[in-house]
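Notes follow once the structure below has been shown.
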Amino acid sequence: MKRGLPNVDVEGLASFIPENEIVQWLEKTKKPTSERVREIIARSLDKNRLEPEEMATLINADSPELAEEIFEGARELKRRIYGNRIVLFAPLYVGNECINKCEYCGFRSDNTEVHRKTLLNDELIAEVEALEDLGHKRLIMVYGEHPKYDAQYIHDSVKEVYKVKKGKGEIRRVNINAAPLDVEGFKTVKEAGIGTYQIFQETYHQETYERVHAAGPKSNFLWRLHGLDRAMKAGIDDLGIGALLGLYDWKFETMALLYHTIHLEEQFNVGPHTISFPRLEPAVGTDIDKITEKYAVSDSDFKRLVAILRLAVPYTGLILTCRETTELRNEMLSFGVSQIDGGSSIGVGSYSEKDPDAFKKSQFLLGDNRSLDEVIRELCDAGFIPSFCTGCYRKGRTGEHFMEFAIPGFVKRFCTPNAVLTFLEYLNDYATGETKEAGLKQIDREMEAMPESKAKDELRERMDQIREGVRDLYF
Ligand code: SAM
Ligand code: SF4
């Protein structure tokens with residue numbers, strides 16, 4: 001049992017983000033030749049994680065022709081490794097009390113305009129039931145940083161969520177986005193059976209970090225930077241990293257995400273499971289325009305950086321949230337994004353209670369307000385197959401194993417069949433008529449494209465079982 005906030009002890013820790021080296025790579029690789037850019041794209045298509053010099057070269061390949069080659073490379077990589085699956089999840093905000101003063105966040109402690117709220121147990125259950133009624137199976141639970149939300153609290157709330165079963169609904173995987181803990185705290189949270197633990201560094205540029213996080217435990221750059229190392233030491237090998245775009249130069253942040261990946265690979269033999277790259281959004285009581293005055297990331301740079309990340313870390317999942325608009329999300333699915341949220345509500349308690357003032361309990365404003373059903377229909381119309389799969393995590397295929405398994409053939413053997421099975425469940429249990437029709441067509445296309453084999457026969461059998469009412473089948 002681990003109670004209370006961790007001791008922020010950074011003695012002996014150093015930054016593994018070599019700021020000068022990043023600047024130098026970005027300088028040295030200016031005006032790359034087309035041949036060099038093509039060589040790098042080819043190395044990525046051979047499923048190699050790129051080196052910082054190579055990523056810097058892609059960042060500097062900014063002519064329209066080379067940028068298009070990068071997009072095409074990213075699309076090809078996505079097709080080859082991930083196929084057309086898109087994994088769906090929803091965020092669940094548990095509490096917005098916070099002792100930090102992150103300048104950009106509506107939850108910061110000195111923001112008097114936000115309505116503070118922590119879900120009571122029955123409210124948490126009501127939220128989960130509402131999410132299950134939508135058809136969700138994978139959640140990410142989000143917490144402010146507050147003595148109330150210590151490791152034990154996170155553990156207990158995750159356990160509570162797994163217990164909630166409504167109709168055919170259940171949550172099969174809970175990921176966490178919360179403050180970094182100490183090793184003991186991470187062990188406590190791990191015991192609840194979490195999926196990914198996600199911590200965004202926000203900005204990897206230390207001076208900027210210290211300026212925008214003026215007070216509270218989060219003001220300690222090194223404590224946060226080494227947060228996921230502590231999670232690894234506690235046995236959590238499924239980790240999410242991220243940078244909040246708009247605080248500092250996106251080129252620097254993108255390079256730093258690669259350095260963070262390399263650090264984890266070198267230290268623990270496992271890179272991050274996912275990378276997120278949220279752009280700053282308007283938040284209640286917060287002047288975001290002023291904060292992003294210098295470093296706002298344009299749509300075209302945003303698309304480029306995602307395509308470059310896709311190429312640089314071929315095996316890492318890329319997450320794009322409802323912060324972005326529908327149009328942009330749709331476009332970016334083809335060149336690398338592998339997970340999106342759908343039908344999200346980011347007010348505390350706002351799935352179960354329709355509050356006209358929900359924005360005041362929210363962290364920021366969403367750019368994509370479609371329902372999960374609509375998101376799914378549009379995914380199908382665009383040729384994607386929505387997936388609610390939780391197979392790898394439940395079969396222990398995480399961390400090191402995940403890397404081993406993420407080899408040619410893996411997606412065909414496990415991911416696509418599991419996507420089909422979980423999607424068929426969704427269509428039977430939750431979809432509207434129109435979405436069911438679009439979804440079943442998409443499943444037919446998927447099955448037609450699959451060569452005949454014993455595995456395909458087995459998949460057909462399990463699909464029949466699902467039609468008969470059996471649930472939670474996976475390979
Ligand atoms: N309190 C924990 C922390 O800060 O790590 C976890 C929850 S925090 C609400 C989750 C993430 O929201 C932050 O890491 C940050 O990247 C993102 N965020 C904060 N303010 C935002 C804004 N105005 N627009 C977009 N994302 C924001
Ligand atoms: Fe608190 Fe996290 Fe928001 Fe910072 S980003 S104010 S720590 S909830």
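Note that the structure is predicted; figures quoted are calculated from it, not measured. As the structure lists them, so they are numbered: ligands from 1, and atoms in each ligand from 1.
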Does Ile199 have a heavy atom less than 4.0 Å from any atom of ligand 1? no
Looking only at non-hydrogen atoms, which of Glu281, Gln201, Lys218, His213 approaches atom 4 (O) of ligand 1 most closely? Lys218
Answer yes or no for Arg230 and Trp223: cation-pi contact, defined as NZ/CZ to six-membered ring centre under 6.0 Å and angle to ring axis within 45°. yes
Going by the rule side-chain hydrogen bond (donor to acceptor under 3.5 Å, both in side chains), which residues pair with Tyr143 if we only count those two or more places apart in sequence or in a different chain? Ser157
Please list all pairs passing the side-chain hydrogen bond (donor to acceptor under 3.5 Å, both in side chains) test where one or both residues lie in residues 286-296, with sequence neighbours left out. Arg108-Thr286
Logged contact type for Leu280 with ligand 1, heavy-atom cut-off 4.0 Å, is both
Kindly determine whether Tyr204 and Phe252 satisfy ring pair (Phe, Tyr, Trp, His ring centres under 6.0 Å), including the steps that lead there. CA-CA 8 Å; Tyr204 286 91; Phe252 179 94; 7.9 Å; no
Please work out, at 4.0 Å between heavy atoms, whether the side chain, the backbone, both, or neither of Val142 comes within that distance of ligand 1. side chain
A side-chain contact here means heavy atoms from C-beta on lying under 4.5 Å apart; do Leu328 and Phe302 qualify? yes
Under 4.0 Å, heavy-atom basis, I'd like to know which part of Pro282 is in contact with ligand 1: side chain, backbone, both or neither. neither
Side chains of Thr118 and Lys148 in contact at under 4.5 Å (non-hydrogen atoms): yes
Please find out if atom 4 (Fe) of ligand 2 and some N, O or S atom of Cys105 are separated by less than 2.8 Å. no
Of Glu202, Arg279, Arg224, which has the heavy atom at the shortest distance from atom 15 (C) of ligand 1? Glu202
